[in-house]
Every structure is written in structure tokens, then in C-alpha cells.
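Chain letters run A, B, ... following the sequence lines, proteins first and then strands; every chain starts at 1.
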Amino acid sequence: MNPPTEPSNRSSWSSYLQSLTSQGLFVDALQLCRRIHLLDLPLDRFVLPPALKACSSSPSNLPFSLQLHAYAHKTSYLSFTFVITSLLSAYVKLAAFKSAYKLFDEIPQPTVVAWSAFIAGLARNAPFAHSLSLFKLMRVCGPDFNSATMLGLLPACTQQAHLCSLMALHTCNVKVGMQVSEPSVSNCLVTAYAKCGNTALARQVFDETLERDLVGWNAMLSAYCQNGEAHRALELYQEMVAIGVEPDSVTLVCVLSACTHLGAIATGLEAHERTKRFMPNLPLSNAIVNMYARCGDLSMARAHFDEMSIRTVVTWTTLISGYGAHGHGAEGAYLFDAMVVGNIRPDATAFVAVLSACSHAGLVDKALAYFASMKQNYMIEPRLEHYACMVDVLGRAGRLDEAIALIEAMRVEPDGAVWGALLGACRIHLNVRLAEKAANQVFQIEPNNVGYYVLLSNIYASAKDHRGVAKIRALMRERGLKKPPGLSYIELERRVHVFMADDHSHPRSEAIYKELERLEKALEEVGYVRDTSVADALFGVEEERRGEVLGVHSERLAVVFGLMCTGMGERIVVIKNLRVCGDCHEMIKFTTMVASREIVVRDATRFHHFKQGACSCRGYW
DNA sequence: TTAGGGTTAG
């Protein structure tokens, strides 16, 4: 959009300024303000809100905001609520909290709008405690709050720690009957509960809402997606469609995201069909590319990417990470270079994507070159996640000394992910001594992250160090840590089936176990030997747990069920929430030979394409 | 003063 034409008479300065700020042209707006100021032209009060909005775009404009404040005082414009609210929100955005509180104190009798504006400003720009205590003060000595007060305050509840306060605010709403009369407040409560990680309470509010609108459905869908309950999101979506609620583009972004998590490509395809009438739509298109890439269909992801008329760095990053996850590092790097040639500037996230693509494909030199160019060519200071990627790259390739040197040279304190990457490399190259060193660090930084304990325990097990295994298991018990359950998903005829280890809950469970037994016999005949090192290490240490460890992993059940339900030549796609176990990895390799099938497994870190007895990861996982 | 959405690592 072009900037509007400058006005010829003074009376339209304020509307001109307004149009500049509404287009986000803050620099031009500020220049104009200063010119008006220099010319000493008489301003009307309507100039102040856009001028203050422009000021709040950068902290360096605080002195100018103070000048505008003084001007408002001199001209008595401060008696208008809209001038006060503009000043308050400018001060809050500029983090000039003292000035904001002082101004608020000076208002003789703040209206509900002034209270709400100040609360909303604090909610967005200051820690939650600020806006909450102002709301408490309002309850004591201010006017009654209205729905706008709540809509401004609730978005500040963003963490688990805010849950108790959120429940208290919820009670306030129930008391005045607002939750029933105002769907917008209910929807905001759903979102707030979701951000605090409590989908059960979010659902309760959703269920109690009488006038349920599309925003409410979308808020609940997104609540499930953000909290790793994609399965529930899809159920809710089916329910919504069944009662005739027409999805919009936001609904479809949520649904595509849920399909992405579950690997539910058939449902994703159906959602893709529904997106047609919203196109072109950048967030939707990005979600589609991501869905295909992470559901295992790179060519569909690429086809949609190629069709897009506008692509941002987010679009490119999505596809690069897709190629990376499938082990096509060279293509990922090629895309990154093509993006740069097309004049799209990579950001820190794009570098994470390309570095991880290099890592999964073992492209060490390429990764080192990208890592160097971040700072040299783009002035992007490597962050912890970039270091974690580089340690991963060097570590996987067996260049452990260089990985350690990199950690030692880091300007920032390494975090759990960095040491965790080194620990992962120690698993691949079975370096027990270095693993202990890395684990020692990681346990101090992230004492509750179970994954790292399991990793070290498995390293000891592979090295047949039974005492080491016992030590880690004891440490886990002492700290009250339990391994999260491994889950595998498989989508068949638009239904997602979920399996856990030793799961007997599936309706066709008996047949699945029989088929598994038959398959394992056939695999042994062609040379598959079950790797029991992890379970053996527990033998004599935790006799009662040996069975559990030796038990049937979820990916085995999902793969066998997939074999049973699909025809010859059909590809099987299984999604796992944790890393696929070494023994299952081996077993699936043999299965592709015996059953002449292609099997794709997406685990927590990447894709494994199994075909004719080999896996695309070639050990880089 | 005013509710819902997309990308990365381990």
C-alpha cells in the first residue's frame, strides 16, 4: 500500500497521521509529528492517539512521549479518556511503568475504560503480577469491570504458574454471569486455560458456553493442538463438522496441525481439499506444506510449495526442515541457497533448520560453512539451539573432540540440549566415559528430563555395564522420574489407531499378537536376532522390570497392524512419540525384506524410510 | 479497553 497523500490544510493533519499509523508507517508518522511540532502548528486532540502510537514503536521515543504528555496537560486535552488511555498504553509499551502509574494516580475518577486500558496494556507488556494487582485494586476501589476488562486481562495468563489466579478470575466471571452472557469472555478463558496447560478446564468452559461460535470451536481445537492432544482435536473437529458448523481458515490451520502431529495424512488431505476457497492464504499454505512433509509425503509438500505465489522465510524453513527430517540434507541445503538467491533473508530459525538437515545427512563441512556464515554474512549471533545442532553434527560424525572444543569455546553457558546432543553422540559411538561427563552436566541443568537418564542407561546397557544401569535406575527412582509411555500411531481409513507397549486394548489385539509371533518367526529364519542388551543389563538388577523392557514396543504393534490392514504394495506409515528403539529399528528392516513392503516411521527426531532391508537414516539418528 | 491460526533443535 502506498502512503496517503499529505493533506493541504491543517485540519486534516490528524486523519493523515491516523492513516500513517494504521499502516504501520511509524517512522513517517513520527517525522510528521516533529514537523508539526517545529512549525508550532495548533494541534487538535485527535492528533495525540496516533502520535503516541507511533512513539511506542521504539524506546528511543520516550522523551517525545513526555513532550506530548506535557502538551496534553497544557491544553487540558488530558480530561478526555481517549487521550489518557493513549498515553497509558504508550508508557506501558515503552516500559515506562513509573510514568504510567503516576499518570493513572493523577486521574480524579478513572472510568472503566481507563482501568481496562491500563490493565490490558500491563497484561501485554509487563509480568502478569502487574495487571493482576491492578485488577484487584479495581475490584476494591474502582468501577465494576466489564467484558473488555476481562478480555484485556485474561491473555496475560500464559503459564502453568498462573493457573490458580486464572481460576479465581474465572470465578469472578461466573459470579457476575459474564461467562454465560459473553461468548468472547468464554473463548478467552478457553485460550487462557490452554496456555496454562489445562485442557480439562478449557473443555469445561467450552462445554458450558451456551452461545458457541466459530471462534470458540477454534480456541478449543487450538487448546488441544498446543497441549499435545492432537487426537482429541481431530475428534472435536469431526463433531463440529457433524453438527454442521462450517470451518474457516483458522479451523483448518488447527486441523492440519493436528494431522501433522498424528501423521494422519488422509484426514490432512481432506482438510487440504477444504482449504481451496480460502486461497491464497499464507498461514494455511505453510500448514499444508508442513503437514505433507511431516506425514511422510515430501513430493506433495514440494508440489504445494511450488504452487504458492508468495513464500516467506517461514515457508522455506518449513520445507527445508521437511527435507532434513527425511534425511535429504543436500536438498535441504540446496533449498536454503535458493532461498538466499531469491532475496529472502534467512533468520535464526532457518539456520536451525538447515543445520539440522545437514546433521541428519552427515554433511559436516556444509554445516560448518553455514554456521560460520550466520555471523559473517547475516550478523546473527549463534544461539544455544545452533550450538546444539553443531554439537550434534560433529558428534554424529564421530568428531567428538571437535564437539567438545566447540562447547568449550561457547560464549554463552551451554544448556541441556547442547550437552544432550553430546550425550546422543556418545550413544552412537559408545563412548561411556564422555557420556558420563555429558550426563553429569545435563542432569544438573535439567534434573527432571527423563529422556537423558534413559539415554545414559541405554549407553551403559550397550556397554554391558550392569552396575551403571542399576545406578541410573536407582537415581531415577530416587528423583521420582518415570519414563513417559511410548506411543505409536497409524492412520487407516481416516481413523487414527494408537498403540502403547504391551497394549492389549485394541479390539483386534489377539489377531495382532498372533500375526506378530508369526512374523518374528519368519524374520528369525532370515537372520534377525533380537537385541536384548537393554533387558539383559537389567537382569539380576531389576528382575521385575526385565519383562517390561523385553515386552512388545508400540511401534511393533502398529507396524504389524498396518501389515494386516493394507494390501500388497501399500506403504505403511507409523508415527512414534519417542525415538524408535534400536531393536525395533532392526526388526522393521528385516520386515521390509520378508513382507516386500515399504515402511516409513517418523520418530521424535526424524523419518526412517525402510525399504528392502535398509533404512534411509544410515545410522544417522 | 475487546476472544481463535503457521516454521526449527534435543
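Phosphate proximity of dG10(B) to Arg427(A): absent, as no side-chain N or O sits under 4.0 Å from OP1 or OP2. In this model, the phosphate group of dA3(B) is not approached by any side-chain N or O of Arg212(A) to a distance below 4.0 Å at OP1 or OP2. Between Thr149(A) and dT1(B) there is no side-chain polar atom (N or O) within less than 4.0 angstrom of OP1 or OP2.
Nucleic acid contact for Asp415(A): none, since no nucleic acid atom lies under 4.0 Å from a heavy atom of the residue. Across all strands, Glu446(A) comes closer than 4.0 Å to no nucleic acid atom at all (heavy-atom distances). Residue contacts shown for Leu221(A) are absent, as no nucleic acid heavy atom lies under 4.0 Å away. Within the 4.0 angstrom heavy-atom criterion, only backbone atoms of the sugar-phosphate kind lie near Ser356(A); the bases stay farther away. The residue Asp347(A) sits apart from the nucleic acid: no heavy atom pair falls under 4.0 Å. The residue Asn449(A) sits apart from the nucleic acid: no heavy atom pair falls under 4.0 Å. Counting any heavy atom pair closer than 4.0 Å across all strands shown, Ser147(A) reaches no nucleic acid atom. Note on Ala117(A): only backbone sugar-phosphate atoms sit closer than 4.0 angstrom, heavy atoms only; bases stay farther off. Among the atoms of the strands shown, only primed sugar atoms or phosphate atoms (P, OP1, OP2) are found under 4.0 Å from some heavy atom of Arg294(A). Using a 4.0 Å heavy-atom cutoff across all strands shown, Ser249(A) reaches at least one base atom of the nucleic acid.
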Identify every side-chain donor-acceptor pair in residues 85-93 of chain A under 3.5 Å, counting partners at least two apart or on other chains, and give the distances.
residue: Thr85(A); atom: OG1; partner: Thr81(A); partner atom: O; Å: 3.2
residue: Thr85(A); atom: OG1; partner: Phe82(A); partner atom: O; Å: 3.0
residue: Ser86(A); atom: OG; partner: Phe82(A); partner atom: O; Å: 2.7
residue: Ser89(A); atom: OG; partner: Thr85(A); partner atom: O; Å: 3.3
residue: Ser89(A); atom: OG; partner: Ser86(A); partner atom: O; Å: 3.3
residue: Tyr91(A); atom: OH; partner: His69(A); partner atom: ND1; Å: 2.7

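When the C1' atom of dG6(B) is taken as reference, atom CH2 of Trp316(A) falls 17 Å away, rounded to whole Å. Taking atom CE on Met308(A) and atom P on dT7(B), their separation rounds to 13 Å, with Å as the unit. Atom pair Arg383(A):CZ and dG10(B):P shows a separation of 15 Å (rounding to whole Å applied). One interatomic measurement links the two molecules: CG of Asn448(A) to P of dG10(B), which rounds to 21 Å at whole-angstrom precision. For the pair Leu151(A) CG and dT2(B) C1', the interatomic distance rounds to 5 Å; values are reported in whole Å. Atom CG in Leu153(A) sits roughly 13 Å away from atom C1' in dA3(B) (whole-Å rounding). Distance CG (Leu122(A)) to C1' (dT1(B)): 12 Å, rounded to an integer number of Å. When the C1' atom of dG6(B) is taken as reference, atom CG of Asn290(A) falls 8 Å away, rounded to whole Å.
Comparing dG10(B), dG6(B), dG5(B) by their closest approach to the side chain of Cys254(A) singles out dG5(B). Proximity note for Gln226(A) (side chain, C-beta onward) versus dT1(B), dA9(B), dG5(B): the nearest is dG5(B). Among dG10(B), dA3(B), dG5(B), the nucleotide with an atom closest to any side-chain atom of Thr605(A) is dG10(B). Among dT1(B), dG10(B), dA3(B), the nucleotide with an atom closest to any side-chain atom of Ala148(A) is dT1(B).
Both tests pass for Arg311(A) against the ring of Phe305(A): distance under 6.0 Å to the centre and angle within 45° of the axis. For the pair Arg212(A) and Phe206(A), the cation-pi criterion (under 6.0 Å, within 45° of the ring axis) is fulfilled.
The closest side-chain donor-acceptor pair between Asp213(A) and Asn187(A) falls under 3.5 angstrom. A donor atom on one side chain and an acceptor atom on the other are not found under 3.5 Å apart for Arg203(A) and Tyr193(A). Between Thr199(A) and Asn227(A), the side chains place no donor N or O within less than 3.5 Å of an acceptor N or O (distance only, hydrogens not considered). Side-chain contact annotation: His231(A) with Tyr224(A), donor-acceptor N/O pair under 3.5 Å absent.
Within a heavy-atom distance below 4.0 Å of DNA chain B, the residues of residues 189-200 of chain A found are Thr191(A).
The aromatic rings of Phe97(A) and His130(A) are tilted relative to each other, their planes meeting at an angle between 30° and 60°.
Within the structure, the salt bridge (Lys or Arg N to Asp or Glu O under 4.0 Å) test picks out the following pairs touching residues 276-285 of chain A (sequence neighbours left out): Glu246(A)-Arg277(A), Glu273(A)-Lys276(A).
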